[in-house]
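Down below is the structure, laid out as structure tokens.
Below, chain A is the first sequence line, B the second, and so on; all start at residue 1. Hydrogens, waters and symmetry mates play no part in the numbers below; they use all other heavy atoms, side chains included.
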Amino acid sequence: MRPRCLLALLLLFLAAASCGPPRAALTVANGPDLDTLDPQLARSSAAQRASRALFAGLTRLDPQDLGLLPDLALSWTAEDMARLWRFQLRPDLRWSDGQALTAQDVVASWQRLQDPATAAPYASWVAEARFAAPSPTEVHIRFPEPQPLFPLLCSHPALAPVPPALRDSPQGTLPKPLPSSGPFYLLERRLRDRLRLLRNPHYWRSEEVPSKSLDLLTIDSDITAMNLFLTDGVAFTPKTPDLALPRLVEQQDARLHQSAELGTVFLRFQQRDAPFDDFDLRRALVWGTDREALATLVGHGRPAATGFVPTSMPAWTGPSWPSSELEQARAALERVRQRNQGALPRIELLYPSTAGNRLMVEALAALWKKDLGLEVRLMNVEARTFYPAQSALEYQVSLSSWVADYPHALSFLDIFRSHDANNRSGFADARYDELLALAASTLDEQERQQALQQAEEILRDQAALLPLLEQRRQELVSPRLGGWQDNALGIIDWAALEWREAP
Amino acid sequence: MNARFLRRVLMLLATILLVHAAAFFLMRTTRGGPFDEARALDPQVKLALEQRYGLDDSLAVQYWHALTGLWQGDFGPSLRYREVSVADLLADALPVSFAVGGGALLWGLLFGIPLGMIAAGARRRLLGQSATTLATVLLALPNFVLAGAAIALFSFTLGWLPPAGTGGLAHLFLPSLCLGLPLAAQISLLVRDAASERWQSAGVRHARALGLSGQRLWWAHILKPSLTPVLAFLGPATAAVLTGSLVIERIFALPGLGTFFVEAALNRDYTLALGVTVVYTALLGLATFLADVLLMKLDPRVEALS
């Protein structure tokens, strides 16, 4: 091939790849690329953000206070001790392609969610339910046990109705076009680049949607997202780089929105085997860890956790956990030493390999060494090796975190039920399971709160885990972005967002 | 020539098969699977997913499926991007990587060859030594430092170019420059060494003694023969730059192929990892072959030797 031909070929590629879409009315960074556009399969926060822009649920959460609001459903009522829920849909609902969205769509969507072949991560929410659509605007769902929190779950994208085209398409495929029911519909998906969404004229409150088009950019690196934000390339980034935080905080930059997040960083103890089957050893760490010092050292704005369920959980007052009670911790360690022929066990702390995690565990190890005289071996493995090891209980102590699916303490405490797939610690307590079952089924909110508080007391008293830090949302939001509301679940009301002209 | 061509093609096919098998079995012997995540899936859900993607079959059956897929050019669905096939992912990513890599090659050749010639022609003067120093510095600088400095200068100080993203030629300028400058440094050092050697060779001394000088001497007797090592280097280098760079793609948020090399392995996206490995092997074989052909054209001794 002649050099001129090669040059022409290169220029052709350059020209082909340089063609990009015109700028959307609103462009935001959406973090790493979505694993799926199917709301029933979405798990990552990026996928759920996109799902909420595309698919409306029967209910939605108020981004201001996380209160429950009607969305596709006008109203709902419970019968038979919340075993039966009746939802009344809004009249004349339509998919973005103009087809009618009826109660039958809701029923078929929930049946699809329930079907094991769908492999939906939230299938258990409707696992044993039966559904009916007595009229085009009425949906009934019946559970064998009371489900008082079901309308809250309906605000999650997993329970949003999915269009017939998606329900009918073979597993693992996406129909083109993909009809939607939310404020926007999908115009184009450029893999690992962006989702281009357009305003859905058939959304029931489409008149309120100010942005004609919306780009959700795929950006893996927080620093790259911040670079784009600083040059007005995006109006919002979901995470601020740790390196930039101190300066932004010092300058009191109004673009940095720091707010509580319904998430906790904690340590799991593997309690099935030695050495952490020893209650005294667990208690020594729970009582003897200086969480305030840890937050100061490596918190990057995250406060010390005061319990497993974060304090920002709406309507929640949890039991207080001990911290820096060094006398009691040392006494407990002394008992461990006596049982181990005068020596303390060498602790191994397993963590998924990231720079932030490394700093965290190194600070912890230093604190334990200083305050308790404990030697810790830090073991880092990549994430896909870490999780199977954690599930198989092949560790002593492991670094973990949890973020709520919905704004309720149950979303946290549920994971320590004896047989929950996310338990991953060997913790099992019949009384704890009973309290969780009661909390899930009682209609009395006060009784539910009491049951959950008692459940967390069991976790504390048995030193089943060690809460470390409460998560914080650290988002960059442009002052030109109208309609923004900070909240602890990162819920974005896409229908309200607007990119305003510079003054 | 035809027999040699056929032999090269057969060798490339055998290499692809070997690399494919090695990648398949290495991936499967690594702990963890595509559905092991921070939030554990219900065991039934996990089983359903494994059945959907054939991961519950024996390793031999899975390898057979991968092999027949390779034969048909179908790597199957990605395990990370649930609704997307590996072929679609590659088809979307390759043009981006080719554009950035093509730009990087242009920068590499446009800067590298003149820089190498300057370093060789003025090697005892400050200009030549500066050219060599510049090449060494560019070679030593990590990509992310170069990219950070380029973004600070062109995007934040001058405000001429976007710091990241896609959408126009302006978006390709900085990534291709940052990928191309280390390439230019390597090319310049190769050209400098070869040209210096040529400058001291008997042939050039004879030509100069005969009164040959200027453009003809530099072009025909020094530059052209000095390009031989550059061409040999460009074979694998072209495959490397055309298949993207993880660092550059991350910093500039480009949806190219480079990210897949690491992420597919980290996500245990077996099908995608196999796809990118095969594409890279094929490109490497092709680029090396093309470089060899060009070498033979440029220097008939190479053909005689091979």
Side-chain angles (χ1 to χ4, degrees), chain A residues 1 7 9-11 13-23 33-38 41 43 116-121 123-124 171-174 190-194 217-221 223-225 227-228 230-231 233 352 382-389 391 400-401 420-422 424, chain B residues 30-34 36-49 52-53 77 80-84 88-89 92-93 95-96 98-100 102-103 105-106 151 155-156 159 162-172 176 249-256 259 266-268 290 294:
Chain A
M1 195 179 289
L7 193 67
L9 203 64
L10 279 176
L11 290 174
F13 275 124
L14 280 170
S18 66
C19 298
R23 197 181 161 110
D33 203 8
L34 319 176
D35 44 358
T36 176
L37 276 175
D38 184 337
L41 306 181
R43 283 162 65 80
T118 307
S124 62
Q171 297 291 347
T173 60
L174 208 64
R190 287 161 71 108
L191 288 167
R192 296 172 56 244
D193 180 20
R194 74 187 65 207
L217 299 192
T218 295
I219 303 176
D220 286 322
S221 158
I223 294 174
T224 303
N227 285 345
L228 275 172
L230 293 174
T231 50
E382 46 125 358
R384 298 277 167 173
T385 308
F386 174 83
Y387 297 119
S391 292
S400 306
S401 65
D420 194 280
N422 284 299
R424 296 176 169 180
Chain B
T30 312
R31 188 165 193 196
D36 290 317
E37 294 172 20
R39 285 174 179 239
L41 288 171
D42 186 83
Q44 275 187 329
V45 171
K46 195 173 171 189
L47 184 67
L49 280 170
R52 182 186 299 172
Y53 295 105
R80 156 77 169 79
Y81 302 94
R82 294 288 170 78
E83 298 105 9
V84 188
D88 284 345
L89 279 169
D92 274 23
V96 178
F98 275 26
V100 177
L105 273 179
L106 274 180
I151 290 171
S155 302
F156 286 104
T166 58
L169 266 179
H171 289 86
L172 291 179
S176 58
E249 286 175 13
R250 275 203 166 228
I251 292 176
F252 293 102
L254 291 170
T259 312
L266 288 180
N267 290 325
R268 305 291 189 275
L290 279 176
L294 284 173

Proximal component of B:Arg80, with respect to chain A [non-hydrogen, under 4.5 Å]: both
For residues B:Glu249 and A:Asp220, determine if any side-chain heavy atom of one lies less than 4.5 Å from a side-chain heavy atom of the other. no
side-chain hydrogen bond (donor to acceptor under 3.5 Å, both in side chains), that's the test. Do B:Asp42 and A:Ser124 meet it? Break it down for me. CA-CA 8 Å; B:Asp42 186 83; A:Ser124 62; 6.0 Å; no
Does the A:Arg194 side chain pair with the main chain of B:Thr166, one donor and one acceptor, at a distance under 3.5 Å? yes
Quick check: closest heavy atoms across B:Ala164 and A:Leu228, and the distance to 0.1 Å? O-CD2, 3.7 Å
Go through the atoms of A:Ala117 and report whether side chain, backbone, both or neither lie under 4.5 Å from a heavy atom of chain B. backbone
Please test B:Arg268 against A:Thr385 for side-chain contact (heavy atoms from CB on, under 4.5 Å), starting from the C-alpha separation and ending with a verdict. CA-CA 10 Å; B:Arg268 305 291 189 275; A:Thr385 308; 3.1 Å; yes
Do A:Arg384 and B:Leu266 come close enough that some side-chain heavy atom pair is under 4.5 Å? no
What one should report as the nearest heavy-atom pair of A:Pro388 and B:Asp36 is CG-OD2, 3.5 Å
So which residue, A:Ala120, A:Pro116, A:Pro352, ends up with the most heavy-atom pairs under 4.5 Å with chain B? A:Ala120
With a 4.5 Å cut-off on side-chain heavy atoms, are B:Leu41 and A:Arg43 touching? yes
Nearest heavy-atom approach of A:Gly172 to B:Arg52 is N-NH1, 4.1 Å
Contact summary for B:Tyr81 and A:Leu34, nearest pair of heavy atoms: CD2-O, 3.5 Å
Need one label for A:Thr118: side chain, backbone, both or neither, based on atoms under 4.5 Å from any heavy atom in chain B. backbone
A:Asp420 portion near chain B, given a 4.5 angstrom heavy-atom threshold: neither
Give a yes or no on whether the backbone of A:Asn422 and the side-chain of B:Arg39 come within a donor-acceptor separation of less than 3.5 Å. no
For the student: nearest non-hydrogen atoms of A:Arg192 and B:Ala93, plus distance: NH1-CB, 4.3 Å
Residue part contacting chain B, namely of A:Leu191, when any heavy atom lies under 4.5 Å: both
Checking heavy atoms, do the side chain of B:Glu37, its backbone, both or neither come under 4.5 Å from chain A? both
Quick check: closest heavy atoms across A:Thr231 and B:Pro163, and the distance to 0.1 Å? OG1-CG, 3.4 Å
Interatomic distance, CG@A:Leu230 vs CD1@B:Ile151, rounded to 0.5 Å, equals 11.5 Å
Checking A:Thr224 side chain against B:Ile251 main chain: does a donor-acceptor pair fall under 3.5 Å? yes
Side chain from CB out, backbone as N, CA, C, O: work out which of these in B:Leu47 comes under 4.5 Å of a heavy atom of chain A, or both, or neither. neither
Please evaluate residues A:Thr36 and B:Glu83 with respect to the criterion side-chain contact (heavy atoms from CB on, under 4.5 Å), reporting the C-alpha separation (whole Å), side-chain torsions for both, the decisive distance (0.1 Å), and the verdict. CA-CA 6 Å; A:Thr36 176; B:Glu83 298 105 9; 2.2 Å; yes
Does the pair B:Arg82 and A:Asp38 meet the rule for a side-chain contact (heavy atoms from CB on, under 4.5 Å), with working shown? CA-CA 9 Å; B:Arg82 294 288 170 78; A:Asp38 184 337; over 6 Å; no
